[in-house]
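Predicted model, so just to flag it, every value in this text is computed and none were measured.
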Amino acid sequence: MPVRVLSDGARPGAQVPAHLTRVPISAISINTKYSNKTVEGKVVRKGPLVFLPAGNFILKAVIQEDDSPANASSHTLSINIVLLGALAKDFSQAVNQGDVVVASGFTVGKSPTFNKDKLHPCNLQLSEDACVYVFRLPLPPDPKSLLATKRSTTLSTEVFRRPKTPKYTYVQLGNLKARSVVNVYGVVVFFKQPFRSRGTDCCSTLKITDQSNQKISCSIFCDKLEDHPKIFQIGDIIRMHRVKTTLFNDSITLVNTFGFSALTFDGTVGRPVEPRTSSRSFHFDQDDRRIVEELRSWAASQTVLPAVTTTPLSAVQPKSYFDLNCQLLAKAPIDTTCTLLRVWDGTRCPHTLLKVIVEPNVTEGPSSFSKKKESLIANVLVYDNHVEFARKLKPSDFLRIYNLRAIPGSSKVPGLTSSQSVEVDHLAFHLHGGTAYGRGIRILPENSPDVQELERVFEGFTEDDDDELSDSDLLDVWSTPPESPGGETVQCGTERCCSHDIQPVTLSKVKQSDPGRVHHVRVQLSSYEPHMLHQALKLYCSKCTSLQDIPDDELVAGLFSEASRDSGACTPPPWALSGQVDVPGVSLGSSNRTLHIHLSAQLMSEGKTKELIFLRGSTLEETCRLAASYQNIVPVRSSEGRLAPLDLSVPFLFRGRKRYYGCKRCSEAVLREPTAEGVQVIDEKIIAEALGVQLLKFVLLMKLELQDATDTLAVFLWRDAELFFNVSAEDVAANQEAQNSVRQTVETLCPPGGSTGGRPWLDLCLTTYRGEDDGVQNQTCHQICHTTITKLSCAQSEPEPT
DNA sequence: GGTTAGGATTTG
């Protein structure tokens, strides 16, 4: 925001950048440059915010010098100011009549209203490059009186705003004093990606400099990676709030302290000034922009600063260390200290590259590529501490690998058997262990210029026509950049929890196999049914193994009202005590209804009057309402003068928000008193048993289409669906939260309208069996078993606002 | 209310 409201009571001059000098209003004239000048005055008139075409704004105001030089003539003390665009909007909101403002970055024009208002012959025009600092007297203690005063004295209906964010001051690196807490800006001249320290945190070490030419080392300790400064390359500009100065080896060093936060910026002159941060709220204004731009142009003029270079694969020299921007296509663990990253940058390295052979089933991402693409792929071996970071990488991620080493000749590659020879006369790429020289890997964000450059190069890449279809088709999957979901990031994967000791196979292998087998696969979810997830919920009878849909509410309500009309005389069973309950009318003015209830005499005698009622004559809606007051409600009707359960097309039991159904085929429902002796909780099982009802189980049934590099396969998710989604189907039937959880999981595995590149790879255990139902004999079916979702919900943590 | 690191090429 270009309008800065400074602390209550602050006086002009205190926080305006020091390089600006004030010009008296009376001295303003056309044909003079005012690039480093300010004017100061009290707002004596503030016009309304006027909307212009194309979403633009204009606002006019008059400011008056209130501590003017004695020799100024009175008519030149006040000057019209014209504000345009966002500045006008901000001014309208943040500035009140009576405030003292300091303006900079304005241009001077001839005042068209001079003849009319007899004010200054010039006006000040403030647009994009201008800045307005607002000073305001301390507020009276009672906000009500303040508002009243304001209303009576302002011309427009502006919102009076207390300053939201304090103004930060930044100490030049040459002026740092030991043992203080400061805010600083600097150009990064050295940095390491965050690495795990021996203590509790990750550590970023960096060195920064500024116009004072001091080079200051910094150590940033944060547990969470996202709180660390997002430094991509030397020359980036960093702003840090709340770092403390300490002395080490006679030099000032900076360490983060309580409330630390950092913004970083691309250090290239001319690029957009976009702060990089994980923090959801931070202070950033025209002054910050100016500081960043000044540091950029200063750094550009400095020859002593290290040059920023990345090297494309086409220019890599043997024996050199270099930084590589690339896209990850596939990765595979080699052993505990080494991981293979298969990357490309769209350029061809002139040297023969190392080939590393790994089992296809340990590879994440495609295990083979078209010949043409294969010739562009570099195999990067990352060691030791980088293995842990490599675990987090996904195929299709854009990476910057720092201090990668190109090693010519034959090297031994760990994990290879003797039959898998390593080519001699090749170039191998190693990311050695440790963090010396900033060695490490960073995932580049989608909006980074480096990523955009890579994408441009990839766009120019076409597959050979004679390539095998399966490979080239799948390339599209891998060339697709990852989705960047807004807000909370949910990363999903799956984990097998079976005891099978078998290696993963491809889907084409699964398709060829006989029923009665178990397979492990690594796949993506390409589609699922039903799309209306409530339709995935079914009722299952474990006795006759039948599966049925849950009756819809309309049908159930109809059966209830039909039963409620049957109001013939009715003799309750001898074990029951009968009574009545009033149910308030549904709408205002509709009369209360009196319903018959019957209770177990046994339970009554134990004082358990709320635990179970048999309810007669109610509608579905009334039953649901009463379910809030009674733990168990069994709807009953009068049948041939006796009390009987309702037809099993409707729930035989309501327990809170949960409804329970019985199997029509396997139940012989009669009304009996439950034996609740020694029973702590009367639940659906006890009641079902008493009523002779075969309880139906809620289950989830989905049909999923899986895909990998070789094929697609339709599988069922049923027997272990609850394990898979980590919810109970009964909860899904009753509560929104569980439904949302299932929906969210499915949508993360298979984003609606999303590209396949954003879909996670899933490790599944499949059983293959002979389907017998539905008259389709001998059909081979597949089912996901022994597999559970692992959901990493990375809610953006909220560091202290900066 | 503050240990960790405090740059400085490699086992492969």
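Donor-acceptor pairing under 3.5 Å, judged by distance alone, is present between the side chain of A/R439 and the base of B/dT9. In this model, no side-chain donor or acceptor of A/R198 finds a partner on the base of B/dT3 within 3.5 Å. Between the side chain of A/K192 and the base of B/dG7 there is no donor-acceptor pair of N/O atoms closer than 3.5 Å.
With both ends at atom C1', the span from B/dT10 to B/dG6 equals 23 Å, rounded to whole Å.
By the 5.5 angstrom centroid cut-off and the 30-degree plane limit, A/Y321 is classified as stacked against the base of B/dT9. Both stacking criteria are satisfied for A/F190 over the base of B/dG7: a centre-to-centre distance under 5.5 angstrom and an angle between ring planes under 30 degrees.
With sequence neighbours excluded, the residues forming a side chain to side chain contact (heavy atoms under 4.5 Å, CB included) with A/A299 are A/V187, A/L305, listed by chain and number. For A/T435, the side-chain hydrogen bond (donor to acceptor under 3.5 Å, both in side chains) test picks out A/K192, with sequence neighbours left out.
You'll find that the side chain of A/N256 is closest to B/dG2, out of B/dA5, B/dG12, B/dG2. Nearest to the side chain of A/T246, among B/dT9, B/dG6, B/dG12, sits B/dG6. Residue A/V255 places its side chain closer to B/dA5 than to any other of B/dG12, B/dT3, B/dA5. Of the candidates B/dG12, B/dG6, B/dT4, B/dT4 carries the atom nearest the A/F221 side chain, counting heavy atoms from C-beta on. Of the candidate nucleotides B/dT4, B/dG12, B/dT9, B/dT9 has the atom nearest to the side chain of A/Y437. Comparing B/dG2, B/dG12, B/dA5 against the side chain of A/K244 picks out B/dG2 as the nearest.
We find that CD1 of A/I407 is positioned 7 Å from C1' of B/dT10, with the value rounded to whole Å. Here B/dG12 presents its P atom at 18 Å from CG of A/L340, a figure rounded to the nearest Å. Counting to the nearest Å, the P atom of B/dG7 and the CD1 atom of A/I234 are 15 Å from each other.
Between A/W344 and A/F461, the angle of the ring planes goes over 60°, which puts this pair in the perpendicular group of the 30/60° scheme.
Residue A/G434 is classed as having no contact, given no heavy-atom separation below 4.0 Å to the nucleic acid. In this structure, A/N249 reaches neither bases nor backbone, as no heavy-atom distance under 4.0 Å exists between it and the strands shown. Here A/T253 lies in heavy-atom contact (under 4.0 Å) with a base. Within 4.0 Å (heavy atoms only), A/S251 reaches no atom of the nucleic acid at all.
Distance alone, capped at 3.5 Å, is enough to place a donor-acceptor pair between the A/T363 side chain and the A/E359 backbone.
A/Y170 and A/H241 form a side-chain donor-acceptor contact under 3.5 Å, judged by distance and modelled atom types alone.
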